Amino acid sequence: MRAIAESVAQGRVSATETVAAALDRAEAAQAELNAFIVIDRAGAESAAAAIDERRAAGLPVGPLAGVPVAVKDNLATVGLPTTAASRILAGYVSPFDATVVARLKSAGAVVIGKTNLDEFGMGSTGENSAFGPTRNPHDPGRVAGGSSSGSAAAVGAGVVPLALGSDTGGSSRLPAAFCGIVGFKPTYGGLSRYGLFSYASSLDQVGLLGRSVADVAAALGVMAGSDPRDATSVDLEPAGWAAAAGAGPGAAPDPVAAGGDLTGARFGVVEELAGEGFGPDALASLAAARAALESRGAEVVEVSLPGTALAVACYYVIAAAEASSNLARYSGMLYGQRVGAEREGQELVMRATRGALFGREVKRRILLGSFALSAGYYDAYYGRALKVRQRLTREMDAALGRVDALVTPTAPGPAYASDEKTADPLSMYVGDVATCLANLSGGPAVSVPCGTAVGAGVRGLPLGVQLIGRAGADAALLRLAAALEAALA
Ligand code: GLN
């Protein structure tokens with residue numbers, strides 16, 4: 001990614017050429033992968049031409065000049081539909097860009113299209129989309145992971161070097177693991193949520209999917225920073241990103257990012273996430289990560305987080321509760337589609353619209369969330385989930401006081417087979433046990449590709465290992481992840 005930007009900035013290749021090549025790849029892969037909801041050839045070509053004109057005129061072109069990127073379709077984009085993969089938003093065009101999209105564009109990146117996802121981010125497979133499932137670039141008979149399925153498939157297939165996703169309970173990291181790429185969720189507030197269609201506001205973050213940790217760090221460098229339009233946004237280590245990226249014109253490479261020594265660094269393997277619930281491929285990948293860290297001089301110890309036994313239940317109660325409130329805005333009154341306009345009365349029109357246009361999983365979450373928040377059950381479910389969240393966060397904070405990062409498999413194994421999880425959503429939910437921890441606690445987490453599966457029927461499929469860091473120490477976590485990546489190379 002940084003090589004593309006450098007070549008464009010130096011005039012060795014034009015933005016028009018890099019972007020046209022990405023558009024060609026996106027179109028060629030679409031029939032097989034269904035990674036995109038919209039591919040914007042005209043818009044991307046004119047954005048690329050504008051960069052080439054600026055360069056020709058001697059104007060600055062930005063650190064990501066001419067880098068083709070893809071954006072998950074739950075992030076608002078001017079001039080392109082944003083559907084969140086829901087029929088209820090079919091045809092909706094936002095009048096503004098999400099802050100992260102605006103910042104990427106002003107750094108010179110060119111959005112080539114909007115990527116497929118589980119409707120409103122609800123799912124772990126990419127199959128809950130009104131536009132059909134995304135397929136895995138390593139095996140089209142398998143899912144790409146979700147909910148940022150299209151972003152992961154597009155990067156995994158080499159269509160674009162970088163894509164934006166979102167991450168409420170693992171939606172950037174799990175698909176990244178399934179597609180053999182890096183997926184990152186920053187500390188809560190590290191990236192502005194302005195223009196990200198809310199699913200569960202206390203858990204939602206914009207995520208990044210890229211080919212390397214350094215690329216992800218470089219993209220974060222241009223997007224991070226507080227935003228007056230998102231009161232929960234914060235400034236995270238503004239100086240740290242360039243170092244984590246390891247390069248940037250003229251910058252001295254960071255020793256760790258360059259694959260150096262991990263002497264003095266301590267990692268904690270979470271005992272509860274190193275056995276039951278994880279398949280042999282995931283455990284072998286975890287062992288390989290451990291060996292790689294130790295080979296660079298790091299100390300790896302066991303840590304215990306007893307609260308993980310309740311993590312999935314806690315996450316799904318809170319996520320559904322917040323979703324039931326957030327999705328109340330899709331009523332057919334303000335945005336998108338309306339069904340039954342001829343009926344008498346607002347309530348009937350709302351019912352008809354929501355009944356006809358929300359998908360099954362979204363309805364399930366709204367029902368679950370409304371129930372958990374209802375007067376008689378509020379304390380028993382939502383109130384208790386908040387207490388469990390607090391306890392888990394305390395356990396994680398205590399563990400992260402002793403180690404620099406927690407290490408877990410990202411997922412229970414390689415990519416699920418298509419339709420494997422459709423009949424029983426609970427079997428899909430439990431696969432989020434390792435990733436949802438960082439959303440509940442608020443800290444940063446990254447999935448790094450780590451080996452491939454050897455099991456029958458899954459041989460060669462990518463696996464990922466997850467590092468969870470201290471809240472606010474995102475650049476430090478990325479430096480450790482870059483070192484792990486280098487050690488595994
Ligand atoms: N799979 C989780 C869910 O369905 C996480 C989704 C996400 O991170 N958006 O809620």
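Just so it is clear, the model here is predicted, and its values are computed rather than measured.
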Fill in the blank from the handout: Note: Leu236 and Gly472 closest approach over all heavy atoms is CD2-CA, 3.7 Å

Practice task
Starting from the C-alpha separation in whole Å, work towards a yes-or-no answer on side-chain contact (heavy atoms from CB on, under 4.5 Å) for Leu440 and Leu392.
Solution key: CA-CA 8 Å; Leu440 290 167; Leu392 196 57; 3.8 Å; yes

Exercise for the section: Would you check, one step at a time, whether the test side-chain contact (heavy atoms from CB on, under 4.5 Å) holds for Ser324 with Leu373? Expected result: CA-CA 9 Å; Ser324 71; Leu373 290 175; 3.7 Å; yes

Practice task
Could you tell me how the ring of Phe120 sits relative to the ring of Tyr330: parallel (under 30°), tilted (30 to 60°) or perpendicular (over 60°)?
Solution key: tilted

Handout entry: Step-by-step salt bridge (charged side-chain N to carboxylate O under 4.0 Å, His left out) determination, Arg41 to Glu27
Key = CA-CA 10 Å; Arg41 183 169 280 275; Glu27 284 166 358; 3.0 Å; yes

Practice task
Without swapping roles, check the side chain of Ser192 against the backbone of Asp230 for a donor-acceptor pair under 3.5 Å.
Solution key: no

Problem - Leu23 side chain reached by Val19 side chain, heavy atoms, under 4.5 Å - result: yes

Practice task
Please round to the nearest 0.5 Å and tell me the distance separating atom CG of Asn136 and atom CD of Glu32.
Solution key: 10.0 Å

Practice task
Check Pro175 against Gly170 and note the closest heavy-atom contact, atom names and distance.
Solution key: CD-O, 3.7 Å

Problem - More than 12 heavy atoms from other groups under 6.0 Å of CD on Glu342 - result: yes

Problem - Ser370 OG to Leu327 CG distance, which is reported to the nearest 0.5 Å - result: 10.0 Å

Fill in the blank from the handout: All heavy atoms of Pro449 vs all of Val182, minimum pair found to be CD-CG2, 3.8 Å

Handout entry: Test item: Glu17 side-chain N/O and Ser14 main-chain N/O as donor-acceptor pair under 3.5 Å
Key = yes

Problem - From Arg211 atom CZ to Glu485 atom CD, the distance as rounded to the nearest 0.5 Å - result: 12.5 Å

Problem - Backbone of Phe184 reached by a side-chain donor or acceptor of Asp167 within 3.5 Å - result: no

Problem - Non-hydrogen side-chain atoms of Leu75 and Val100 separated by less than 4.5 Å - result: yes

Handout entry: Crowding at CD, Gln346 (>12 non-hydrogen neighbours, <6.0 Å)
Key = no

Exercise for the section: Indicate yes or no for a side-chain donor-acceptor contact from Ser171 to the backbone of Thr168 under 3.5 Å, with no hydrogens or angles considered. Expected result: no

Practice task
Verify, without hydrogens or angle tests, whether Asn128 (side chain) and Met122 (backbone) share a donor-acceptor contact under 3.5 angstrom.
Solution key: yes

Problem - Close side-chain approach of Asp227 to Arg103, heavy-atom, < 4.5 Å - result: yes

Exercise for the section: Examine distances only and state if a side-chain atom of Asp40 and a backbone atom of Gly43 form a donor-acceptor pair shorter than 3.5 Å. Expected result: yes

Handout entry: Candidate pair Lys114 and Thr83, rule side chain to side chain donor-acceptor pair (under 3.5 Å), full reasoning
Key = CA-CA 9 Å; Lys114 303 297 291 290; Thr83 66; over 6 Å; no

Handout entry: Expected output: side-chain Thr410 to main-chain Ala177 donor-acceptor under 3.5 Å
Key = no

Practice task
Evaluate whether atom CZ of Arg329 has more than 12 neighbouring non-hydrogen atoms of other residues, nucleotides or ligands under 6.0 angstrom away.
Solution key: yes

Handout entry: Student check: side-chain heavy atoms of Val101 and Leu164 closer than 4.5 Å
Key = yes

Handout entry: Within 45° cone of Phe358 ring axis and under 6.0 Å: Lys363 NZ or CZ
Key = no

Handout entry: Pair Arg2-Glu6, salt bridge (charged side-chain N to carboxylate O under 4.0 Å, His left out): steps then yes or no
Key = CA-CA 6 Å; Arg2 288 159 305 143; Glu6 227 172 85; over 6 Å; no

Problem - Side chains of Met333 and Val349 in contact at under 4.5 Å (non-hydrogen atoms) - result: yes

Handout entry: Distance-only donor-acceptor check, side chains Gln466 and Ser447, under 3.5 Å
Key = no

Problem - Tyr316-Tyr429 aromatic ring centre distance below 6.0 Å - result: yes

Handout entry: Pair Arg87, Gln337: side-chain N/O donor-acceptor within cut-off below 3.5 Å
Key = no

Exercise for the section: Could you tell me which non-hydrogen atom of Arg135 sits nearest to which non-hydrogen atom of Ala144, and how far apart they are? Expected result: O-CB, 4.0 Å

Practice task
Let me see the working for Tyr188 and Arg193 under side chain to side chain donor-acceptor pair (under 3.5 Å), right down to the final yes or no.
Solution key: CA-CA 10 Å; Tyr188 185 76; Arg193 286 183 294 120; 2.9 Å; yes

Practice task
Without swapping roles, check the side chain of Gln390 against the backbone of Lys387 for a donor-acceptor pair under 3.5 Å.
Solution key: no

Practice task
Would you check, one step at a time, whether the test side chain to side chain donor-acceptor pair (under 3.5 Å) holds for Glu322 with Ser201?
Solution key: CA-CA 7 Å; Glu322 293 186 20; Ser201 309; 4.7 Å; no

Practice task
Go through the steps for Leu220 and Leu478 under the test side-chain contact (heavy atoms from CB on, under 4.5 Å), then give the verdict.
Solution key: CA-CA 11 Å; Leu220 269 166; Leu478 287 175; 3.6 Å; yes

Exercise for the section: With rounding to the nearest 0.5 Å, note down the distance linking CD in Glu127 to CG in Asn116. Expected result: 11.0 Å

Exercise for the section: State, yes or no, whether a side-chain contact exists between Thr82 and Asn74 at a heavy-atom distance under 4.5 Å. Expected result: no

Exercise for the section: Would you name the heavy atoms of Thr393 and Ser441 that are closest together and state the gap between them? Expected result: OG1-CA, 3.6 Å

Problem - Pro68 to Ile112 - nearest heavy-atom pair and separation - result: CB-CG2, 3.9 Å

Problem - Point-to-point distance, once rounded to the nearest 0.5 Å, from CZ of Phe36 to OG1 of Thr134 - result: 10.5 Å

Handout entry: Check: Tyr382 ring centroid to Tyr377 ring centroid under 6.0 Å
Key = no

Handout entry: Side chain to side chain, Ser226 and Ser233, heavy atoms closer than 4.5 Å
Key = yes

Handout entry: Salt bridge flag under 4.0 Å for residues Asp474 and Arg479
Key = no

Exercise for the section: Kindly indicate, with the supporting measurements, whether the criterion side chain to side chain donor-acceptor pair (under 3.5 Å) is fulfilled by Thr16 and Asp52. Expected result: CA-CA 7 Å; Thr16 301; Asp52 290 332; 2.5 Å; yes

Handout entry: Exceeds 12 heavy-atom contacts within 6.0 angstrom, atom CZ of Phe131
Key = yes

Practice task
Give a yes or no on whether the backbone of Cys179 and the side-chain of His138 come within a donor-acceptor separation of less than 3.5 Å.
Solution key: yes

Handout entry: Side chain Ser148, main chain Ser166, donor-acceptor under 3.5 Å
Key = yes

Problem - Stepwise side-chain contact (heavy atoms from CB on, under 4.5 Å) check, Leu203 with Arg389 - result: CA-CA 11 Å; Leu203 303 160; Arg389 180 180 191 174; 3.5 Å; yes

Handout entry: Sub-4.5 Å side-chain heavy-atom contact between Val446 and Leu477
Key = yes

Problem - Gap between atom CZ of Arg338 and atom OG of Ser331 - 0.5 Å precision - result: 8.0 Å

Practice task
Evaluate the salt bridge (charged side-chain N to carboxylate O under 4.0 Å, His left out) criterion for residues Lys105 and Asp97: first the C-alpha distance (whole Å), next the side-chain angles of each, then the deciding distance (0.1 Å), finally the verdict.
Solution key: CA-CA 10 Å; Lys105 286 182 180 173; Asp97 273 331; 2.9 Å; yes

